[in-house]
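Proteins come first, then strands; the chains are lettered A, B, ... in the order of their sequence lines, and each starts at number 1.
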Amino acid sequence: MVDPTRPTAPATNPANAPEPGRDFVRDIVQADLDAGRVGAIVTRFPPEPNGYLHIGHAKSICLNFGIAQEYGGHCNLRFDDTNPVKEEQEFIDSIQQDVHWLGFDWGEHKYFASDYFDTLYAWAEHLVRAGLAYVDDTSAEETRTMRGTLTEPGRESPDRNRTVAENLDLFRRMRAGEFPNGARVLRAKIDMAAGNMNLRDPVLYRILHAAHPRTGDAWCIYPTYDYAHGQSDAIEGVTHSICTLEFDDHRPLYDWFIEHLPVPARPHQYEFARLNITYTVLSKRILTTLVRQGHVSGWDDPRMPTLAGQRRRGVPPAALREFVRSVGVARAYSVVDVAMYEHAIREVLNATAPRRMAVLRPLKVVIENWEEGRTETLEAVNNPEDPSAGTRPVTFGRTIYIEREDFMEYPPNRFHRLSPGREVRLRYAYFITCRSVVKNDRDEVVELRCTYDPATRGGDAPDGRKVRGTLHWVAAHDAVPAELRLYNPLFSRPDPGADGDIMADLSPDSLEVLTGALLEPALAGVAAGAVVQFERQGYFCADPDATPEALVFNRTVGLRDTWAKVQAGAKGG
RNA sequence: UGGGGCGUCGCCAAGUGGUAAGGCAACGGAUUUUGAUUCCGUCAUUCGGAGGUUCGAGUCCUCCCGCCCCAGCCA
C-alpha cells in the first residue's frame with residue numbers, strides 16, 4: 001500500500017537549498033517541509049527511566065533536539081515509562097539533568113507515556129470493539145512456543161476468537177485487578193503466520209501488580225512499548241519519530257496501530273544506526289550490571305560511558321556534541337574508533353582549559369647554586385591558545401620536583417629530557433644542568449643535584465643557545481598534594497563481549513591511583529568540576545572527592561604523546 | 001525463497017548516471033619555552049563479487065557472497 005503522506009524521494013528546492021545532505025534524516029525532514037507534508041517539525045527523545053543516559057543516547061539527543069532546533073520546531077522529552085517494575089524516580093531525575101547538561105532544553109515539552117494511560121486504555125477497548133484485539137489466557141511459556149520460529153508460522157491461540165463482549169468484559173476485569181500477574185494479556189489480532197514476528201499477535205497489555213513511579217497504584221495493567229509508543233507520538237503531534245535500527249521491523253506494527261486507531265495525527269518512524277565505540281559498552285543492561293556488581297563506583301564513575309560519568313571525568317558537553325556531529329548519522333552498522341571521541345575532547349579542551357603544572361610522580365631536585373630560603377616569582381601563561389586567559393605567578397626555589405620519567409641516568413638515543421651532565425629548561429623558569437645523582441641503598445635515584453643559569457630567567461638563553469627539552473615542575477615550598485586518578489578503557493579489547501562473556505573482558509587496569517602527586521599552588525582552591533591541562537600530561541578534572549588533606553583530579557584524557565609512541569615502537573621493534 | 005536491514009580507504013562517512021568530499025588514525029616534514037597545539041604533504045585507477053544496460057555505472061538491472069536485527073507478557 002502506498003502511503004501518500006510518506007516521502008518517497010527527497011524533494012529539491014534550489015531556492016533555499018540547505019547545505020546538502022547533512023544526513024538522511026535531515027534530508028527526509030527537509031523534503032517533508034518542502035513538500036508541505038508537515039507544518040512545524042516535532043521530534044521526541046523517549047528514554048525509559050530504567051538507567052542513566054550514555055554516549056549512545058547523546059547521539060539520539062543531538063539528532064532529535066538538533067533537528068528540532070535547525071528546522072524551527074521543538075523536541076519533546078518523553079519518558080517511556082510503561083514498565084514500572086524497572087523504572088525509578090532516580091532515573092527520571094538523572095535523565096533530565098543529563099539532557100540539560102548536554103545543552104538541550106525541552107521547554108514546556110516534558111511528557112510521560114503514563115500521561116496517556118487513560119487514552120491508551122480507551123483505544124485498546126476501541127480495538128477490542130473493532131474485533132482487532134482479544135484477551136488471551138495462554139501462559140507466557142505457552143505463548144512463546146505457539147509463536148512459532150523464524151522459519152515456521154505460529155499457531156493461533158484458542159482464545160483468539162472470543163466474542164467482543166467477552167473480550168471487553170475480561171479486559172475490564174484485568175484492569176480492575178481481578179487477575180494475578182501473567183494470568184491474561186490483551187493481544188492484537190493480526191497474523192500468526194506473518195514473516196515479521198512482530199505481527200504475530202503482539203501483546204498490548206500485560207498484568208503487572210506493581211506501583212508506578214508516577215501513577216502509583218492506579219493501574220495494574222500496563223501497555224507494552226509497541227502499543228504505547230506510536231500512539232504517544234500521535235498524541236503529541238510528533239512528526240518524525242526517530243529511533244534506532246532494531247526497531248525497523250516494528251514499523252509495520254507502529255503503522256498498523258496508527259491506521260486502526262482514531263489518533264489525532266499521523267507520525268512516521270525513521271530508523272538510524274545506533275552508536276558503537278571501540279573498547280566501550282553502550283548497553284544499559286550491562287552498565288546496570290557493572291554498577292550493581294560493584295565493578296565501578298556508580299553510574300557516575302568516570303570510567304562509565306554514561307553522561308554522568310563523562311561529566312565527572314571532565315568531558316565538556318561541547319566535545320560530546322562535536323563527537324556526535326563528526327560521527328554522522330546513517331543506517332550502516334558501525335563501530336567508531338574511540339580515538340575519534342578523544343580527538344573531540346582534546347579539540348575542545350585545548351582551546352578552553354587553563355594550563356597548570358602538576359608533577360604526577362615527583363623526583364626531588366636541589367638547585368645547588370640557589371641560595372637556601374630564597375624564592376623568586378615568575379610569570380606563566382595560562383593558555384597559549386587564548387591570550388585573554390592572561391598569566392599567573394609561579395614561585396621558584398632551591399628545592400623543586402620534576403617528573404620522574406623526565407630523568408634518565410642512561411638515556412636512549414632520542415631522549416631529550418634530563419640526564420647527568422645535560423641541560424634542560426624548566427618551563428617559565430630557568431635552564432638547569434644535572435650535576436649528580438643521589439641514590440638510596442636499593443640503587444634507586446631519589447634526588448638530583450643540579451645548577452641553574454641565572455641568565456636564563458623565564459626560560460630564554462640570552463646567548464641564544466638551545467636546549468632540547470622543557471620540563472614542568474613544582475616548587476617544594478608551596479606545592480599542593482593531590483590524588484590523581486588515571487583512567488584506561490574499562491574493557492581490555494576493542495569488541496568487549498565478542499567472545500561471549502563480557503565480564504571476562506573487564507580490564508584490571510582501568511583505574512590507576514597516584515597518591516603522591518604535587519600541584520602548583522594556583523590549583524589550591526579549584527572548584528570541583530573545573531578542567532585544566534596539566535602541561536605535558538593531559539587534561540584533568542577536579543573531583544568532588546577532594547578532602548582538606550588532598551585534592552583529587554580525574555584524568556579526562558592524556559595529551560597526544562608521540563614520544564611514548566616512539567618508545568613503544570622502539571621496544572616493539 | 002521466514003521477515004527486515006546493511007555492505008565506499010585501517011575506523012566513521014559524503015556521493016541520487018558524468019569520471020571517488022571530509023573527519024579520525026597512520027606516515028613524512030616545518031614551526032614550537034607543552035616531544036602539545038598549529039601548519040604543510042602522503043594515504044581508494046576504485047566503491048563486497050561476477051555479469052549486463054549505457055558514449056559513460058559507486059550510482060540502473062540480474063545473479064552471487066558476507067554481516068547485522070527479529071522467536072520478552074523489555075524498550
Handout entry: 5′-ward residue of the pair A:D337/A:T470 relative to RNA chain B
Key = A:D337
Exercise for the section: Identify, with sequence neighbours excluded, every residue that meets side chain to side chain donor-acceptor pair (under 3.5 Å) alongside A:E322. Expected result: A:R325
Fill in the blank from the handout: Applying side chain to side chain donor-acceptor pair (under 3.5 Å) to A:W299 and not counting sequence neighbours gives none
Handout entry: Inter- and intrachain pairs under side chain to side chain donor-acceptor pair (under 3.5 Å), touching residues 176-189 of chain A, at least two apart
Key = A:D136-A:R187, A:D137-A:R184, A:R173-A:E178
Handout entry: Closest nucleotide among B:rA26, B:rA14, B:rC12 to the A:V336 side chain
Key = B:rC12
Problem - Check ion pair A:R274-A:E246 (N to O, under 4.0 angstrom) - result: yes
Fill in the blank from the handout: With B for base contact, S for sugar-phosphate-only contact and - for none (protein heavy atoms under 4.0 Å), nucleotides 64-75 of chain B reads -----BBBSBSB
Exercise for the section: Using a 4.0 Å heavy-atom cut-off, write out nucleotides 36-41 of chain B from 5' to 3' as B (base contacted by protein), S (sugar-phosphate only) or - (no contact). Expected result: SB----
Handout entry: Contacts of A:D233 that satisfy salt bridge (charged side-chain N to carboxylate O under 4.0 Å, His left out) - sequence neighbours left out
Key = A:R78
Problem - side-chain N/O A:H343 vs B:rC24 OP1/OP2, d < 4.0 Å - result: yes
Exercise for the section: Would you mind classifying the nucleic acid contact of A:R427 as base, sugar-phosphate or nothing, using non-hydrogen atoms under 4.0 angstrom? Expected result: base
Practice task
Verify the ring-centre separation between A:F396 and A:Y428: is it less than 6.0 angstrom?
Solution key: no
